[in-house]
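Below is one structure, written out as structure tokens; comments come after it.
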Amino acid sequence: MSITPARQEAMCMTEACLKNCIVILTKKDSGIEKAEDLAGKYIAVQGGSFAEEVLQEHVFTAHESA
């Protein structure tokens with residue numbers, strides 16, 4: 001679970017013990033070279049995760065599916 005200001009207000013948190021890095025893996029011939037190239041593509045992330053937040057803020061508006 002990533003530490004966010006909202007989570008810090010709602011619960012007690014310890015000091016962070018892990019640095020979370022987000023990476024995007026694609027096939028070499030995908031044509032995707034940078035995060036912006038993901039616009040209009042379907043990708044999967046864990047709902048409510050830091051990765052979802054980053055993608056929504058910096059790449060595109062996510063579409064939820066069941």
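One distance of note links CG of Leu38 with OG1 of Thr26; it measures 8.5 Å at 0.5 Å rounding. Distance check, rounded to the nearest 0.5 Å: NZ of Lys27 to CG of Leu25 gives 12.5 Å. How far CD of Glu52 is from CD1 of Ile43: 9.5 Å, rounded to the nearest 0.5 Å.
Of all the heavy atoms in Val45 and Ala51, the pair that sits closest is CG1-CB, 4.3 Å.
Applying the salt bridge (Lys or Arg N to Asp or Glu O under 4.0 Å) rule to Lys28 yields no partners; only residues at least two apart in sequence or on another chain are considered. With sequence neighbours left out, the side chain to side chain donor-acceptor pair (under 3.5 Å) criterion links Ser49 to no other residue. Taking Gln8 as the reference, Ile3, Met13 meet the side chain to side chain contact (heavy atoms under 4.5 Å, CB included) condition, with sequence neighbours excluded.
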